[in-house]
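Below: one structure, written as structure tokens.
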Amino acid sequence: MLEGLTPTTILLDEKELNSAQDTLAKNQLPTTRMEAWKYTRVAKLGKTNYTSSEETVVSMDAYRIAADATTFVFVNGHFSEELSSDEIPAGVSISPLSACMEGEIASTNLVLEGEIFNALNTAFLTDGILIDIEAKATVEKPVQIIHVLKGEATLSNFKTIINAGDFSKAGVIQGFFAEDADKAFANVTSEISVGTNAFLTIDKIQYEAENTSHISTEQVSQENDSTFTINTITLNGGLVRNNLNIEVIGENCETNLNGAYLLKGKQHVDNHSVVDHKVPNCNSNELYKGVIDDKGTAVFNGKVFVRPDAQKINAFQSNGNVLMTDDASVNSKPELEIYADDVKCSHGSTTGQLDEEAVFYLRARGLSEKSARKLMVSAFIGDVLDKIENEDVLNFTHGLLKDRFGWDFE
Amino acid sequence: MITIKNLHASINGKEILKGLDLTVNAGEVHAIMGPNGAGKSTLASVLAGREDYEITEGSVDFDGTDLLDMDTEDRAREGLFLAFQYPVEIPGVSNINFLRTAINEIREYKGEEAMSAKEFMATVREKSALVELDPKLASRSVNEGFSGGEKKRNEIFQMAMLEPKLSILDETDSGLDIDALRIVANGVNTLKGDDNASIVITHYQRLLDYIVPDFVHVLYDGKIVKSGPKELALELEEKGYDWIKEEMTL
Ligand SMILES: Nc1ncnc2c1ncn2[C@@H]1O[C@H](COP(=O)(O)OP(=O)(O)O)[C@@H](O)[C@H]1O
Ligand SMILES: [Mg+2]
């Protein structure tokens, strides 16, 4: 798997690199015997000989999610200066990791020991981006990170670091795309810290290809009075696994995790989230909805911990799935582990077909069966899309839905 | 308009319609009455094209076309409308958005031009006023959180929007108070014309004081067993259905 790769040249901490190498030496890829990977097979990743090739993208037209944004483009994880913005707005500093000096990249909060994809990402880090949002800065224009996979059996180990300073407010858009990519693999990590009373929103669109793989881990920590929102929209990708680990270490925080996934063909999408409430007086809301067509398979695993003494926590978690065919399937497991007594938590999971009574009703009014189903799917997934505040992201999502599914949701 | 001949239909192997005949001409209003379980809703569902039923015998001619051969949506596009006895709630699907899609798909089917947004909104205003449906309800999710009366009014609102040739109202009056009943009846009467017709399925004679039928039929055990003028409804109300049963066994 790794023969064709060269160790990273990014100036990471020596100890972390050693730890990553150590994990790679001692561990195999996870198997479905491991609880966290029970429904997601990654064996095929081990059978591919990856390279890290530098490629270029001719046109950004299909990938530019927001027209008015500070855009950084990476192809196979390599920074593309000519496709990226050269003006960076006030209140924020942005740099590719490859341009960072020794010591500029803070020590990681990722778990390296035993976590093979984090270790792989670290030891062979292609490049990444460091976004520092200054304290008290309100950054109007979103920062947009576009990542394109291109070529055959290419592996991108890509990292995003976001430090949202105290009292800052910013939005980051992440778009993952593929262009003439065959068996390509994006192995992505994000390290995100949300400072005191900061607001950070991430809109993440995954639109790679039917035979690409994508594994990402977002490691987030939230300080007092902060609000963190991430909207994950997965519309294409052969194998997609999103790990979202949120540590709420400050009081009076709000955490919003929203996800929509629409699968067809033989796509597999696995959303794993952990919200760890370590302190009292916080709210977390999680809403994930999926529509699974053809032979698609989806996994939802959402875990909420409420630690001892983390009183007055409101944690809500909901996952809904619609299966469009008999071959489509989903494994949904919302979990609460509560060690405090004065909390309000709920979780729920539904899986079903579209309401055939409603389809008949709509058809009896003259709608074609296709339109009727489309309307109902859009209504179902609309709850999640309604959470997206950035109009450009929403419009772009609608465009992708139309392109890929022929669904016009507006 | 519609000619139903010897219609037999079953569900899950159980025969419900057992040789039903009915002819409705343009400009007419027909009432179908009958006890619970007689097969009234089954008739409505079969005509609208619900796929759960198996048609074992008979034919239905709808203005020269074989109705039973058409998909549900094509029946609607040809001008058949069913006001459901139990309108479904469809969370997230906006009433007027879906109606707009419906109208434009019907127009496309007929080779007509799409309705402009302006014309559509004007029609919504006009027709929602006709059935005194709060315009806010018109734009909410289909029937979601509507009261029983609002659901029925919404059915008539949709009927007004779609201007069908033949409307079948399945117990649209049940559960309505007298004000709601008047509103619904007024809607139906206003839409009545020489080139359309209605089949009004009801349990109670009361509705027929407001929607005056040209004919009253009694549906009993899957068949029309008696037909007569509007006075038949009063007789039924007075004597109940046992009278029919007795008459049949004679
Ligand atoms: N899914 C079904 N399976 C079996 N029998 C059914 C089903 N649906 C309705 N029926 C039966 O069909 C008969 C007619 O029902 P329906 O048409 O609803 O009567 P009405 O509208 O006249 O009250 C009833 O005896 C009812 O129990
Ligand atoms: Mg009935």
Side-chain angles (χ1 to χ4, degrees), chain A residues 233 258-262 287-291 318-322 324 326 348-388 394 397-398 401-402 405-410, chain B residues 44-53 70-110 140-144 151 154-155 157-164 167-168 170:
Chain A
I233 312 294
N258 304 305
Y261 42 96
L262 287 93
L287 176 66
Y288 272 73
K289 281 192 164 190
V291 178
S318 155
N319 173 231
N321 297 283
V322 169
M324 303 291 279
D326 290 341
S349 161
T350 60
T351 295
Q353 265 88 30
L354 287 183
D355 178 357
E356 290 301 323
E357 267 302 303
V359 173
F360 177 69
Y361 184 91
L362 296 172
R363 290 176 68 197
R365 298 294 184 250
L367 257 75
S368 67
E369 185 170 351
K370 188 164 181 265
S371 303
R373 291 185 187 281
K374 204 163 80 179
L375 261 183
M376 295 192 46
V377 165
S378 80
F380 176 75
I381 216 79
D383 287 353
V384 176
L385 301 187
D386 284 348
K387 305 278 183 191
I388 300 175
L394 193 58
T397 303
H398 282 303
L401 287 169
K402 193 168 182 183
F405 301 93
W407 288 338
D408 204 348
F409 281 3
E410 283 163 298
Chain B
S45 296
V46 165
L47 295 180
R50 197 187 282 275
E51 278 150 13
D52 309 331
Y53 295 92
M70 281 189 273
D71 287 336
T72 294
E73 51 267 44
D74 288 344
R75 298 180 194 199
R77 292 162 180 180
E78 291 289 343
L80 185 104
F81 181 89
L82 168 62
F84 285 66
Q85 182 173 3
Y86 305 110
V88 289
E89 301 193 5
I90 317 181
V93 172
S94 131
N95 221 20
I96 53 170
N97 275 359
F98 109 74
L99 269 175
R100 180 136 191 240
T101 313
I103 285 173
N104 285 334
E105 287 195 15
I106 292 168
R107 289 195 165 201
E108 195 186 327
Y109 175 86
K110 293 183 177 163
R140 281 231 312 255
S141 289
V142 181
N143 295 324
E144 195 185 24
K151 281 182 187 166
N154 191 24
E155 294 293 284
F157 164 65
Q158 292 179 35
M159 174 177 141
M161 290 296 294
L162 297 171
E163 297 182 333
S167 21
I168 303 166
D170 190 1

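Every chain is numbered from 1, with letters handed out A, B, ... down the list of sequences.
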Do R363(A) and E105(B) meet the salt-bridge criterion of a basic N to acidic O distance under 4.0 Å?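 No, no charged N to carboxylate O under 4.0 Å.
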What's the spacing between L362(A) CG and I90(B) CD1 if we round to 0.5 Å? 4.0 Å
How long is the gap from CD1 on I106(B) to OG on S368(A), to the nearest 0.5 Å?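 Taking CD1 in I106(B) and OG in S368(A), the distance rounds to 11.0 Å.
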If every non-hydrogen atom of [X] is compared with every non-hydrogen atom of [Y], which pair is closest and at what distance?
X       : Y       : answer
A379(A) : V93(B)  : CB-CG2, 3.7 Å
L367(A) : E73(B)  : O-CB, 3.2 Å
G49(B)  : F360(A) : C-CE1, 3.7 Å

Using heavy-atom distances under 4.5 Å, tell me whether [X] contacts chain A through its side chain, its backbone, both, or neither.
X       : result
P164(B) : neither
N143(B) : side chain
R50(B)  : both

Parallel, tilted or perpendicular, as decided by the 30° and 60° cut-offs, for the rings of Y361(A) and F98(B): tilted
Heavy-atom pairs under 4.5 Å with chain A, option from A102(B), S94(B), P91(B) with the top count: A102(B)
Side chain, backbone, both or neither: which part of E356(A) has a heavy atom under 4.5 Å from chain B?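 Interface part for E356(A): neither.
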Would one find more than 12 heavy atoms of other residues, nucleotides or ligands at under 6.0 Å from atom NZ of K387(A)? no
Taking R365(A) for its side chain and L82(B) for its backbone only, find out whether a donor-acceptor pair lies under 3.5 Å.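 Yes, the answer is positive, given that a donor and an acceptor are paired below the 3.5 Å cut-off.
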